[in-house]
Protein chains: 2
Amino acid sequence: MGTEKTIDRRVARTRSTLHHALITLILRKGYEAITVEDICNEANIGRSTFYAHFTSKDDLKRSGLDDHLRAMLVERQRHALAAPGELKDRSLGFVLGMFEHAREHIDLYRALAGGRGGTIVLGSIREILCDLVRAELAANKDRKLPDVVPNELIVQFVVGAFLSVLIWWLDGGAKLPPQQVDQIFRRLATEGVPSA
Amino acid sequence: MGTEKTIDRRVARTRSTLHHALITLILRKGYEAITVEDICNEANIGRSTFYAHFTSKDDLKRSGLDDHLRAMLVERQRHALAAPGELKDRSLGFVLGMFEHAREHIDLYRALAGGRGGTIVLGSIREILCDLVRAELAANKDRKLPDVVPNELIVQFVVGAFLSVLIWWLDGGAKLPPQQVDQIFRRLATEGVPSA
DNA sequence: TCAGATTCCGAACATGATGTCCATCAACCG
DNA sequence: CGGTTGATGGACATCATGTTCGGAATCTGA
């Protein structure tokens, strides 16, 4: 199972330093604007050393930030599911946790996904959320109409709406309290938009 | 009103050729992979000429594809709003149009927004759609509850959900007919997801 | 503690894309 | 037809990427 026998302290140090430098720089100037050389300077590490460990900036992010975020989210989800309450209140239970988590790390989130376009940048977050919604749909499918509506469409609908609202909320400075955004979102999702 | 007196045939030709070349290349290798020089080669136009008209690849896209898309969508919405029928049926009128348009140009859409990448292009489409939804909300705001729910949140909710479903649909090959996806989406949006 | 193995360093090199400038030439418009 | 405007392509400067390599630093295991 274990792929690594021993981990040389130097490589551990190097990798960790690079990851840390990346986060620092993301907060300072945003992900897109960062160059490999920037990271190396910030980390005081040779550029050739960088390429000995990672193939690119994206690679570094993948093997660091994404994994880290994924771990955090899974943990939150575990908590949310373990909490007591009605099914109605637990459904979409990850939403509140996510709003809170995002607010705690608002700078990082905004640098990563905020501003323009970044919706899809949060690829791994999106995937996790899809998994959560899928699981929830599967759990509740007993008393459901025959599926003229593909489940996956519902999943995409909910996750897309959620991420969109989340990013908007963060970009606006997260003024509304998480509980309130959570409540509004879930009402929109379960009862529809009050327009038509 | 008119900003342009006359349009030199040469500039019209150049611009048009460049736009066309961009689309060709997007279909051939995807937007991200395209370089300014690629475009110039494809169009048989000097690179210096390119920079005399556009400042970058993104600029070219903006002044071509985006404007075109925006015009088409506005037109579709105008039609939908002018059509007879219940308000409920007329709202979100751009949706069906967009599904149909996307299916007609499915190769282009998938190269633009599908799979991975697509961040940049989605950004502008997203903005266009936000404008449409905002306009619709503003038009219907008379018989609305006092806004405990920020309008912009609703906008983000709807547009995020829509784009997410659209991309999923396209990536799956657009198997369901546009009318059906449209109907499902609008039902989800107006009545909520049938889970909780 | 020490020796051999591994990693780090930095500088050099090759490559490829961006963006600017300019003199020359061709096309357009009135 | 003649003056104006746009097109051309090549030279330049710049910047980021990715690779290579020999010597120096550092780790690991005995």
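In what follows, every chain begins at residue 1, and chains take the letters A, B, ... in the order their sequences are listed.
- No side-chain donor-acceptor contact under 3.5 Å links A/Gln183 and A/Gln179.
- Side-chain N or O atoms of A/Arg103 include one that pairs as donor or acceptor with a backbone N or O of A/Ala174 at under 3.5 Å.
- For C/dA27, its base sits under 3.5 Å from the side chain of B/Arg10 at one donor and acceptor pair at least.
- Atom CD1 in B/Ile45 sits about 18 Å away from atom C1' in D/dG10, given to the nearest Å.
- Atom C1' of nucleotide C/dC29 and atom CG of B/Asp8 are separated by 8 Å, given to the nearest angstrom.
- Taking 4.0 angstrom as the limit, A/His53 places none of its side-chain polar atoms (N or O) nearer than this to OP1 or OP2 of C/dT7.
- Side-chain polar atoms of A/Tyr51 and A/Asp59 form no donor-acceptor pair below 3.5 angstrom.
- Considering CD1 of B/Ile125 and CG of B/Leu166, their distance stands at 7.5 Å, rounded to 0.5 Å.
- When rounded to the nearest whole Å, the span between CZ of B/Phe50 and P of D/dG6 equals 17 Å.
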Find every protein N or O atom lying less than 3.5 Å from an N or O atom of nucleotides 20-25 of chain C, and list the pairs.
none

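- In this structure, the ring of B/Phe99 has its center no less than 6.0 angstrom from the ring center of B/Tyr109.
- Atom CG of A/Asp59 and atom C1' of D/dT17 are 14 Å apart (whole Å).
- Here D/dT17 presents its P atom at 7 Å from NZ of A/Lys57, a figure rounded to the nearest Å.
- Annotation: of the two residues near DNA chain C, B/Arg9 and A/Gly46, the 5′-most nearest-nucleotide partner is A/Gly46.
- Between B/Asp67 and B/Arg70, no side-chain nitrogen of the basic residue sits less than 4.0 Å from a carboxylate oxygen of the acidic one, so the salt-bridge criterion is not met.
- Near DNA chain C, meaning a heavy atom under 4.0 Å from it, residues 33-44 of chain A has A/Asn44 in order of number.
- Ring pair B/His68/B/His101 is tilted by interplanar angle, where 30° to 60° counts as tilted.
- Side chains of A/Ser164 and B/Arg126: a donor on one and an acceptor on the other come within 3.5 Å.
- Nucleotide D/dG18 holds its C1' atom 16 Å from the CZ atom of A/Phe54, rounded to whole Å.
- Distance from the side chain of B/Thr14 is smallest to D/dA7 among C/dT6, C/dA27, D/dA7.
- A/Ser16 places no side-chain N or O within donor-acceptor distance of the main-chain N or O of A/Ala12, the cut-off being under 3.5 Å.
- Nucleic acid contact for A/Arg13: sugar-phosphate only, since backbone atoms but no base atoms lie under 4.0 Å from a heavy atom of the residue.
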